[in-house]
Amino acid sequence: MKMRLVSVMFLLAGMLAVNAQNGTAKKKEIVANGGFIQTPITNVAYTPTRGASGLPDLTVAAENSVNAVVHIKVETKQRTMMRGDMDDDPFFNFFFGPNGGGSQRQLEPQKASGSGVIISTDGYIVTNNHVVSEADNIQVVLNDKRTFTATVIGTDPNTDIALLKIDAKDLPTLVFGNSDDLKLGEWVLAIGNPFNLTSTVTAGIVSAKARNINIISSKTPIESFIQTDAAINPGNSGGALVNTKGELIGINTAIASQTGSYAGYGFAVPVSIVSKVVADIKQYGTVQRALMGVQIRDIDDDFAKEKKIKVLDGVYVAEVNDLSAAKDAGIKEGDIITKINGVAVKSSAELQEQVGRHRPGDKIEVSFVREGKDKTAEVTLKNQQGDTKVVKNKGMEVLGASLEEVGDDLKQKLRISGGVQVVGLQKNSLLSDAGVQKGFVIIKINNKPIRKVTDLESAVKANNSADEQDRALFITGIYPNGKVAYYAIDPTKD
């Protein structure tokens with residue numbers, strides 16, 4: 001029997017653009033579709049009743065959920081790069097090479113749309129990172145047709161989640177449910193704005209849990225999607241997946257399709273992950289990524305025979321990193337992890353989801369099998385720097401911006417070795433008042449290279465130590481579209 005190859009592609013599902021398609025192509029594509037500390041909730045959860053057909057009555061859950069799902073419209077300024085204009089700039093050549101320059105040709109702004117979910121009465125909204133990651137302007141349209149300009153509070157490319165804020169009060173919200181309690185075959189509703197059709201509700205069942213589809217391209221992706229056959233199309237990105245009680249149990253993110261539109265399966269980030277990401281962004285300005293420090297792989301029958309493993313339900317430890325939390329706890333290569341805090345983990349996705357709920361410094365109980373014997377170990381999770389400290393986004397405190405280190409893809413695209421990107425801006429902050437826009441990559445402050453957030457913190461700290469009349473931040477950087485920009489900021493200005 002021949003096996004069909006499955007291609008994986010990341011696509012802005014809300015993008016209103018024409019994509020070239022090969023009419024003969026039949027490969028399946030995975031397409032990005034377009035507990036949290038909550039403020040008082042205005043909605044309540046409802047227990048579904050049975051209709052005349054014997055099926056659950058979903059009307060109450062649907063009617064109450066649509067009011068908390070918003071339409072997100074984004075606009076991105078696009079420019080093309082042409083070599084020549086910047087070739088004589090020694091600073092530009094130093095950072096980007098003699099062939100990295102170019103003149104700018106302004107193109108029409110690119111527009112896209114998606115969905116979001118109001119999670120607090122004072123205007124916090126959760127959506128997908130891929131909906132807003134490149135946006136220069138974000139407009140949020142409520143179900144009652146009011147429109148607000150949104151600010152990005154923070155993003156997490158590792159889970160494809162972003163947190164927005166609008167200036168509004170007494171908004172309807174969705175109650176957070178428990179995605180762990182979902183059962184296969186359970187009825188769910190997908191609510192969003194596919195193809196700009198606002199407040200669209202579709203129904204289906206939970207087809208699978210903890211599904212890893214390899215769509216997130218970050219360094220440490222966490223994929224443990226809820227799979228559903230509720231119809232999801234471009235524009236549903238960031239919308240709500242709710243249960244029959246009207247509780248939020250996931251954020252719709254991707255579809256499996258041969259055409260780019262719905263063909264049977266959709267995928268949602270479970271609320272167990274969403275709530276932790278949102279809480280971290282609100283409290284620290286950045287997500288606290290806890291790591292065990294192991295390389296893992298799933299176990300199938302062939303691998304089990306190769307390694308002479310009798311346990312199929314578990315995750316194989318292929319490598320243990322030096323100075324990692326796992327190594328400190330005595331976990332070794334060849335161990336088979338079966339539980340995290342008593343919760344069975346049968347796949348890498350399930351293990352990543354369980355660990356991803358924690359912060360550096362948290363202790364977890366890891367159950368594993370070694371040479372046929374059951375063992376347990378207490379593991380104190382660490383951060384990416386190898387310690388147990390939580391990391392605060394100093395940029396939000398000092399410059400009024402949410403900052404992230406530039407990923408490999410953007411570094412390659414811009415031909416830079418590092419930098420810190422502005423992923424969110426507060427109104428009337430130092431950076432926004434200077435004209436800095438979201439997406440700007442800071443690569444130099446006061447002639448000192450900025451490669452990491454800690455470099456920026458050091459530069460700001462050194463500037464604060466200078467005499468007041470000498471305090472000034474001269475910032476050089478580049479936008480994702482290739483535009484080089486320079487800004488001067490006076491930290492002493494009221």
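Residue numbers count from 1 along this sequence. This one's a predicted model, so the numbers in the text were calculated from it and none came from an experiment. Atoms considered below: every heavy atom in the structure, side chains included; atoms not considered: hydrogens, waters and symmetry mates.
- Looking only at side-chain heavy atoms (C-beta outward), I161 and I273 stay at 4.5 Å or farther from each other.
- Atom CD1 of residue I125 and atom CD1 of residue I153 lie 10.5 Å apart, to the nearest 0.5 angstrom.
- For the side chain to side chain contact (heavy atoms under 4.5 Å, CB included) test, residues two or more places apart in sequence or in another chain that qualify with V315 are I296, S348, L351.
- Counting only N and O atoms by type, the side chains of N128 and T253 include a donor and acceptor under 3.5 Å apart.
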| request: For N196 and S113, run side-chain hydrogen bond (donor to acceptor under 3.5 Å, both in side chains): C-alpha distance rounded to whole Å, both residues' side-chain angles, the deciding distance at 0.1 Å, then the answer. | output: CA-CA 7 Å; N196 277 327; S113 67; 3.2 Å; yes

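- Rounded to the nearest 0.5 angstrom, I478 CD1 and L414 CG are separated by 4.5 Å.
- Put simply, the side chain of K452 never gets that close to the backbone of G418: no donor and acceptor are under 3.5 Å apart.
- Remark: D144 pairs with L142, R146 by the side chain to side chain contact (heavy atoms under 4.5 Å, CB included) rule, at least two apart or across chains.
- Among residues two or more places apart in sequence or in another chain, the side chain to side chain contact (heavy atoms under 4.5 Å, CB included) test is passed with Q227 by S207, A208, R211, Y265, F267.
- Checked by atom type and distance alone, the side chain of Q421 never pairs as donor or acceptor with a backbone atom of V406 at under 3.5 Å.
- Considering every non-hydrogen atom in both A61 and T244, the closest pair reads CB-O, 3.6 Å.
- For the atom pair CD1 of I118 and CG of L248, the computed distance is 12.0 Å after rounding to the nearest 0.5 Å.
- Between the side chain of D160 and the backbone N or O of N129 there is at least one donor-acceptor pair closer than 3.5 Å.
- Across K276 and D280, no two heavy atoms sit closer than the pair NZ-OD2, 2.7 Å.
- A donor-acceptor pair under 3.5 Å links the side-chain atoms of T200 to the main chain of L197, judged by distance alone.
- Here the side chain of K209 pairs a donor or acceptor atom with the backbone of L182 at under 3.5 angstrom.
- Judged by distance alone, the side chain of N243 and the main-chain N or O of E247 form a donor-acceptor pair under 3.5 Å.
- Remark: R297 pairs with no residue by the salt bridge (charged side-chain N to carboxylate O under 4.0 Å, His left out) rule, at least two apart or across chains.
- Under the 4.5 Å side-chain criterion, counting only non-hydrogen atoms from C-beta, Y487 is not in contact with T476.
- Between K165 and D122 there is no salt bridge, since none of the side-chain N atoms of the basic residue sits less than 4.0 Å from a carboxylate O of the acidic one.
- N383 places a side-chain N or O within donor-acceptor distance of the main-chain N or O of K389, the cut-off being under 3.5 Å.
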| task | Please assess F176 against I119 for the test side-chain contact (heavy atoms from CB on, under 4.5 Å), listing each intermediate value before the final yes or no. | result | CA-CA 8 Å; F176 274 49; I119 56 174; 3.6 Å; yes

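- Closest approach of G239 and V117 over heavy atoms only: C-CG2, 3.9 Å.
- With hydrogens and angles ignored, the 3.5 Å screen pairs no side-chain donor or acceptor of D362 with any backbone N or O of H358.
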| request: Would you please test V201 and V66 for side-chain contact (heavy atoms from CB on, under 4.5 Å) and show each step? | output: CA-CA 8 Å; V201 180; V66 293; 3.5 Å; yes

| request: For the pair R359 and Y284, evaluate side-chain contact (heavy atoms from CB on, under 4.5 Å) and give the outcome as yes or no after the intermediate values. | output: CA-CA 11 Å; R359 294 170 177 165; Y284 302 105; 3.5 Å; yes

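- The two residues T159 and R289 make their nearest non-hydrogen contact at CG2-NH2, 4.5 Å.
- In this structure, the side chains of I166 and T149 stay at 4.5 Å or more apart for every pair of heavy atoms.
- In this structure, the separation between CD on E353 and OG on S272 is 4.0 Å, given to the nearest 0.5 Å.
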| task | Applying side-chain contact (heavy atoms from CB on, under 4.5 Å), run through L163 and Y124 and close with a yes or a no. | result | CA-CA 7 Å; L163 182 65; Y124 282 97; 3.9 Å; yes

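- For the atom pair NE2 of H71 and CG of N193, the computed distance is 4.5 Å after rounding to the nearest 0.5 Å.
- Shown here are the salt bridge (charged side-chain N to carboxylate O under 4.0 Å, His left out) partners of K382, two or more places apart in sequence or in another chain: D328.
- For N143, the side chain to side chain donor-acceptor pair (under 3.5 Å) partners are N67, S199, not counting sequence neighbours.
- Summarising the geometry of I216 relative to P157, their closest heavy-atom pair is CG2-O, 3.1 Å, with the distance given to 0.1 Å.
- Under the side chain to side chain donor-acceptor pair (under 3.5 Å) criterion, T228 pairs with no residue at all, not counting sequence neighbours.
- In this structure Q437 satisfies the side chain to side chain contact (heavy atoms under 4.5 Å, CB included) test together with K77, D136, Y479, sequence neighbours excluded.
- In this structure, CD1 in I442 is found 6.0 Å from CG in L403, a value given to the nearest 0.5 Å.
- Considering only residues two or more places apart in sequence or on other chains, D229 meets the salt bridge (charged side-chain N to carboxylate O under 4.0 Å, His left out) condition with none of them.
- Contact of the I138 side chain with the I72 side chain is registered, since non-hydrogen atoms from C-beta on lie closer than 4.5 Å.
- Annotation: side chain of D455 is not in contact with side chain of V420 (no heavy-atom distance under 4.5 Å).
- In this structure, L381 and I364 have side chains that are in contact, with non-hydrogen atoms separated by less than 4.5 Å.
- Between the side chain of S133 and the backbone N or O of V131, no donor-acceptor pair lies under 3.5 Å.
- For D180, the salt bridge (charged side-chain N to carboxylate O under 4.0 Å, His left out) test picks out R357, with sequence neighbours left out.
- N212 meets the side chain to side chain donor-acceptor pair (under 3.5 Å) test with no other residue; sequence neighbours excluded.
- Shown here for I450 and I445, the closest heavy-atom pair between the two residues is CG1-N, 3.8 Å.
- Contacts of T147 classified as side chain to side chain donor-acceptor pair (under 3.5 Å), with partners at least two apart in sequence or in another chain: none.
- The shortest side-chain heavy-atom distance between I226 and V206 falls under the 4.5 Å cut-off.
- A distance-only check finds no donor-acceptor pair linking the side chain of T155 to the backbone of A162 [under 3.5 Å].
- At least one side-chain heavy atom of I489 sits under 4.5 Å from a side-chain heavy atom of L431.
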